[in-house]
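All remarks here apply to the structure that follows.
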Amino acid sequence: PGVWEIIVGAYKIPPQGADVRYMVECVKKKRRLFRGDTHLHTLGSDGYKDVRGVALEAKDRGLDFIIVTDHNNFAHNLLDAGVPGITVLPGTEWTHYKGHCGMLGVKRPYKSAFCVNTRAQAQEKLREARENGALIVINHPFCPFCGWKWGFEGFDYDLIEVWNGGAVSKATLDCLAWWQKELESGRNLPVCGGSDYHRPDFGCHIGDPCTCLFADSPEPEDLLRALRNGNSFITFTPKGPGISANAAGAGLGETAPAGAPVETKWFGLRGGDELRAVTDRGVLTKICPSGCSGLTWTIKNEGFRFCRFEVRRSLLPGSQPFPALISNPVYFDVQRGSL
């Protein structure tokens, strides 16, 4: 609603003038699922392709958005990928030998040089980026090679990258266990996953893993809001399993009244998949029947403070199941009483 103005960019107009016609399409926002990758690199640092090349590959993989996070510089954020149908968001991976973190959604998260020498300077770097509007993600915190060695206390951050790279590693499982304890302590902490793509390699593809957002549109502000709020799940590939949840109108990353049952809808399943509802009071499981690709499951709330979801899948008969999906929780407002 309101008055719209159009700035015409023509720099040469004939004496008799020119008729200019604009077609304006208004699309009503509606929450739907967008698939993307929140952590990848280009020629702006140590990647294999330029921004356009990465965007084209991401589109071929079925993604709706990507966040380019080259190391310690912002040059890639000034380039237009020029690929219709995919949203390319700005980002930077602040990289230090004591840890990496994503600074997402702004072209220049900090003004000074990237280098720091003390923990206090590192804290100030993240604080500056956050004050400049960046969404702060601690990347691969339990990686044995480049994990987060600063400790988590005293740092301003918004999310944890619980799943880094395609294959589920010990670092991912360690981070998952740490995150579960944080949730059990009463903390509302969203997570995301990113491929950390640099170049084509065995088991390394854009969108593996894939962060799937329930957002109102593919516009950057809507995608970032959904990411910040945890309205999302992570799946091991863009065509992997998915889930939606509803507890008295609240979805993933949102807060429902205490005691509300959770209706879940699962899709992209395979027979034998183990569906898990992980709460602060234990784990509920359900096995997907043979030949089934989707099902609904209503979880009775036994006084949970949160409920998050996983799909565990075995690649071969008898092999150890691995996480094929990890969701953010539905939280419950224990102060409001049971339904």
Side-chain angles (χ1 to χ4, degrees), residues 36-42 44-47 54 58 65-74 76-77 89-106 109-110 114-116 119 122-123 125-130 132 134-179 182 189-199 201 203-211 213 223-224 227-228 230 232-236 323 326 328:
D37 195 333
T38 62
H39 184 174
L40 44 80
H41 300 274
T42 73
S45 57
D46 55 350
V54 167
F65 72 92
I66 57 173
I67 307 180
V68 180
T69 55
D70 278 323
H71 298 283
N72 291 337
N73 81 92
F74 328 115
H76 55 281
N77 293 329
L89 290 88
T92 298
E93 185 172 25
W94 180 71
T95 306
H96 190 279
Y97 69 93
K98 286 190 174 182
H100 301 183
C101 80
M103 300 175 174
L104 313 181
V106 297
Y110 51 86
F114 67 86
C115 49
V116 302
R119 189 173 190 273
Q123 291 172 323
K125 188 67 63 180
L126 269 63
R127 187 177 301 114
E128 178 188 358
R130 206 166 186 233
N132 287 332
L135 194 65
I136 306 298
V137 183
I138 304 297
N139 287 340
H140 42 72
F142 290 85
C143 174
F145 308 108
C146 48
W148 188 256
K149 299 178 176 64
W150 298 101
F152 297 102
E153 294 297 324
F155 281 90
D156 291 331
Y157 61 93
D158 301 288
L159 297 100
I160 293 289
E161 185 186 62
V162 71
W163 190 341
N164 175 272
V168 173
S169 63
K170 181 179 182 299
T172 295
L173 296 177
D174 288 346
C175 191
L176 189 60
W178 173 86
W179 179 48
E182 292 294 301
L189 177 63
V191 295
C192 64
S195 69
D196 205 353
Y197 176 87
H198 288 76
R199 61 192 58 82
D201 202 353
C204 181
H205 303 283
I206 294 176
D208 294 357
C210 178
T211 294
L213 303 176
L223 295 173
L224 290 167
L227 188 61
R228 181 189 300 273
S232 60
F233 61 86
I234 312 160
T235 185
F236 75 107
I326 299 170
N328 276 293

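None of the values given here were measured: they were computed from a predicted structure. Both backbone and side-chain heavy atoms feed into the values below; hydrogens, waters and symmetry mates do not.
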Margin query: Parallel, tilted or perpendicular, judged at 30° and 60°: which one describes the rings of H71 and H100?
Written below: perpendicular
Check: Listed by chain and number, what are the salt bridge (charged side-chain N to carboxylate O under 4.0 Å, His left out) partners of E128, not counting sequence neighbours?
Finding: none
Check: With ring centroids as reference points, do F74 and F114 lie under 6.0 angstrom apart?
Finding: no
Item checked: Listed partners of V168 passing side-chain contact (heavy atoms from CB on, under 4.5 Å), at least two apart -> W163, T172, L173, F322, P323
Margin query: So, taking the atom named OG1 in T38 and the one named CG in L159, what distance separates them when rounded to the nearest 0.5 Å?
Written below: 8.5 Å
Check: Which residues satisfy the salt bridge (charged side-chain N to carboxylate O under 4.0 Å, His left out) test with D70, sequence neighbours excluded?
Finding: none
Item checked: W148/Y157 aromatic ring centres below 6.0 Å -> no
Next item on the list: Starting at CG of L189, measure out to CD1 of I138 and round the result to the nearest 0.5 Å.
Entry: 10.0 Å
Notebook entry, point to check: Taking the side chain from D208 and the backbone from S195, do they hold a donor-acceptor pair closer than 3.5 Å?
Noted result: no
Next item on the list: Report the residues that fulfil salt bridge (charged side-chain N to carboxylate O under 4.0 Å, His left out) with D196, sequence neighbours left out, ordered by chain and then residue number.
Entry: none
Item checked: Rounded distance (nearest 0.5 Å) linking atom CD1 of I160 with atom CD1 of I136 -> 11.5 Å
Checklist line | Check against side-chain contact (heavy atoms from CB on, under 4.5 Å), N328 and V191 | finding: CA-CA 7 Å; N328 276 293; V191 295; 3.6 Å; yes
Note to self: Test of understanding: with salt bridge (charged side-chain N to carboxylate O under 4.0 Å, His left out), list the residues that count as partners of R119, not counting sequence neighbours.
What the structure shows: none
Checklist line | Listed partners of Y197 passing ring pair (Phe, Tyr, Trp, His ring centres under 6.0 Å), at least two apart | finding: none
Checklist line | Straight-line distance of D46 CG to R199 CZ, nearest 0.5 Å | finding: 6.0 Å
Check: Are any side-chain N or O atoms of N73 and backbone N or O atoms of G44, one a donor and one an acceptor, separated by less than 3.5 Å?
Finding: yes
Item checked: Euclidean distance, D156 CG relative to Q123 CD, rounded to 0.5 Å -> 8.5 Å
Next item on the list: Could you check T69 against H41 for side-chain contact (heavy atoms from CB on, under 4.5 Å), going step by step and ending with a plain yes or no?
Entry: CA-CA 6 Å; T69 55; H41 300 274; 4.2 Å; yes
